[in-house]
Amino acid sequence: MSEHHESRLAKLEKIQDMGVDPWGAHFPNRQWNSEVRSLAHQVKYQLQDGSVKELPDFDDPQNPVDYRQWKNDAGSGEEIGPQVRVAGRIILLRGQGKIKFITLRDWTGDIQIMIGKAQVGDRDFEMTKHFDLGDWIAVEGRLGRTNTAELTVFAAKLHFMCKTLEPPPEKHAGLQDSELKQRQRYLDLTYNEGVMDTFLKRTQIVQSIRNTLAQRQYCEIEGPTLHTIAGGAAARPFTTYHNALDMPLFMRIALELHLKRLMVGGMERVYELGRVYRNEGLSPRHNPEFTMLEAYQAFGNYEVMMELTEQIILDALKATGQGFQVEWNGQAIDFSPPFARKTYDELFHEATGLEPGNTQAIAEYAKKIGLDPLGKHPDVVKSEVFEEKVEDSLMGPLFVIDYPASICPLTKRKASNPQVAERFELFIQGMEIANAYTELNDPLLQEELFRTQLEGQADEDSMAKMDEDFVLALRNGMPPAGGLGIGIDRLVMLLTNSRSIRDVILFPVLRPQSQQNPSKDDAALTQAEVAEQ
RNA sequence: GCCUCCGUAGCUCAGUUGGUUAGAGCAGCUGACUCUUACUCAGCGGGUCCAAGGUUCGAGUCCUUGCGGGGGUACCA
C-alpha cells in the first residue's frame, strides 16, 4: 500500500474518532457554486453609522481595485453578505496556521472557502486537519470577499461529506494519459478542464434534438436492440445467444426497419434516438457502439428531411450557445443556412474529371488509384472511387444529393430517372454526419432489391440478408415517407471541438487492463486488518 | 488484422553514446504561519523503469515476444 493510501486511511479513522461520519449525509438547501457566484452583488460594506456602500467592480482589468485600501478609504465598518450553503470537492487546499483556504468544485464551477479557527471553532478546525484533496465537504457560511477581493464563503460550519481514498491527478497538468482519462472518466470529468463541459453539451444537444422533433409532432419510440436479422445497414453485427429460446440473436446495426414497421402501423412521424452496435474497426471516428438518430415522416421526402437536418443542427448550435461560426480542429466551420447542395455526379466529375456515365473510363480510373473493379457493378466501382477521391475532402456543411440507385436498396428512385435514388448525405469536415432518403415503400421492388443484393455477396454482409418479415410489413402498406439518420457522436464532436469520438463517449470500448492493480488488493487487506484492531 | 509511436514514483515529466546509488515538480509525511490563491519556508520518505526472455563485464537505454494505449491503414451504403 502506498503512503497516500495509508495517510488517507489514517485520516478516515481520525474523522471517525471525532464522531463524524466520513461518508456524509443529506445536506438540504444546498446551492450550486454558480448560484452563489451570482450573489456576488449582494456583498456590501456597512459603515458604523449604519449606511451601506456598494463594493467597487473588481472584475474590470482596466481599473484594478485594492480592496484593503478601498475599505480604509471608506471608513471603519463591516462587510455584509448573504448566508450560503455550498458543497463540493476539495480541489486545492492552502493552510496558513490557524486559517485554511479551500478551492471547492462542484459541476457548475469553483468557489473559494475560508476556514478560520476562531470562526468555526476548535472542533471543525480539527476536522480540516484530516481533509485531503478530493474529499467532498459541505460548508455553511457568509459570502464575502477576502482582502484580495476574491469571492469567498467564510465558513461558519463544516460538514464532512465523503472521504476519498485515492490521490487526485496532478493539480496543474491534470490527467494527461489518454488511457487513464478513458478508464477513469470520473477523474477526467472533475480534474480536466472542458471535459465536464463537453459532456454537458452532449446532453444539451440530445435534448435540443428531442425538442426540435417534438415541435414537429414526432413521436419517440424504443425499438428492439436484439434482432433476429441485423438489417438496415451494411455492417457486421455483434452476435449473441438466447438460452431459453435456443437461438442466435444479433445486436442491432440500425434503427431503420422497425421504425418503418411503425410507419406501416400508422405512426406517421416517428423516431428513435438510441445505441447501435457495429462489429468493425475502431478509429477516431468509429466506436463499436454509437448513438444514432433515425426519424421518419409520412408523406415527406428527402427534401423535407434535408430541411429537418438543417433545423436540428441549427437548434443544437443555439442550445449550446454557439453561433453559425464554429471552430473545429483549428479550422472554421460555417453553419450559416442554407447548407450547400451538390449532386453526386457533379462532385464526382469535379474530383475526377470523368463523365459519371462512362463506366469504362471509371473502371480504368479505379484501377489506376489502386482499386479492384473486377466483377463489381459499375455503380459500386463508382461509389468506391467517390469514397476514395471525394468524401474526405468535403469540408461542408454540404448535402450530397442524388446517389446511384443501385447502391441504395432501401431508397425510392427518382420518378424522372430510375437510375438515380432520392438520397442525400451530409458531409462536414470529411465526416458523414447524416444520411437520408425518400423511403422505398414498394414491397415488390424491395423484395427484388433484397434478392439482387444477395447474389454474389458475402454472408456477413447483413444488408444482403432477405428480411421477409420486413417485406411482409411493407405489403401491408407504408405511406410514402422521408427518412433520416444522424450520427449523434460525430455531431457532438463537431459542436464541442473534439477530435476523437472517444472524447465524446463517456466510456468507450477498451481492452481490460493487462495486470491486476496490486494496490487494490493491498488496500483490501489493510482495511481488514484495521477492522480487526 | 497490419504498420507505427508510446509505456519511468499516486499524477505530470526528464533521463546524454549502454556506465557510479534512476532525477525534478506536484501530491504525501513532520514542523512554522489568521487574507492565501499553483501560498510560502525548513526537513523527511516514496521506484516490479509495463511483463517475460535475450545480447553485454554492465540494460530504464539495444534485440525478441507478449500486454495496454495513441495515430495510421484495412473492414465499414
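In the text below, chain A, chain B and the rest are named by the order of the sequence lines, each starting its count at 1.
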For this session: Please confirm whether any donor atom in the side chain of A:Thr103 sits under 3.5 Å from an acceptor in the base of B:rU37, or the reverse.
Result: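 When only heavy-atom distances are counted, A:Thr103 does not reach the base of B:rU37 through any donor-acceptor pair under 3.5 Å.
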For this session: Check whether the side chain of A:Gln112 and the base of B:rU36 form a donor-acceptor pair under 3.5 Å.
Result: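 When only heavy-atom distances are counted, A:Gln112 does reach the base of B:rU36 through a donor-acceptor pair under 3.5 Å.
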Side chain of [X]: nearest nucleotide among [options]?
X        : options                : answer
A:Leu175 : B:rC39, B:rU37, B:rC11 : B:rC11
A:His4   : B:rC35, B:rG10, B:rC29 : B:rG10
A:Glu3   : B:rG69, B:rU37, B:rG28 : B:rG28
A:Thr152 : B:rC76, B:rA27, B:rU36 : B:rU36

Taking the same atom, [atom1], in [N] and in [M], what whole-Å distance lies between them?
N      : M      : atom1 : result
B:rG10 : B:rC49 : P     : 12 Å
B:rU65 : B:rG23 : C1'   : 31 Å
B:rA9  : B:rG60 : C1'   : 14 Å

Seminar exercise, completed: Only residue of A:Arg423, A:Arg413, A:Lys260 satisfying salt bridge (charged side-chain N to carboxylate O under 4.0 Å, His left out) with A:Glu439 is A:Lys260
Using distance only, find each side-chain donor-acceptor pair of residues 390-405 of chain A under 3.5 Å and give its atom names and separation, not counting sequence neighbours.
residue: A:Ser393; atom: OG; partner: A:Val390; partner atom: O; Å: 2.7
residue: A:Asp402; atom: OD1; partner: A:Tyr302; partner atom: OH; Å: 2.6
residue: A:Asp402; atom: OD1; partner: A:Lys414; partner atom: NZ; Å: 3.4
residue: A:Tyr403; atom: OH; partner: A:Glu425; partner atom: OE1; Å: 3.3

For this session: Please report, rounded to the nearest Å, how far the P atom of B:rU36 is from the NZ atom of A:Lys100.
Result: 17 Å
Exercise. What is the distance, rounded to the nearest whole Å, between atom CD1 of A:Ile91 and atom C1' of B:rC26?
Worked result: 14 Å
Exercise. For B:rG70, does either OP1 or OP2 sit under 4.0 Å from a side-chain N or O belonging to A:Arg502?
Worked result: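 For B:rG70, OP1/OP2 do have a side-chain N/O of A:Arg502 under 4.0 Å.
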Exercise. Which residues satisfy the ring-ring contact (aromatic ring centres under 6.0 Å, His included) test with A:His130, sequence neighbours excluded?
Worked result: none
Exercise. Does atom CD of A:Glu78 have more than 12 heavy-atom neighbours from other groups under 6.0 Å away?
Worked result: no
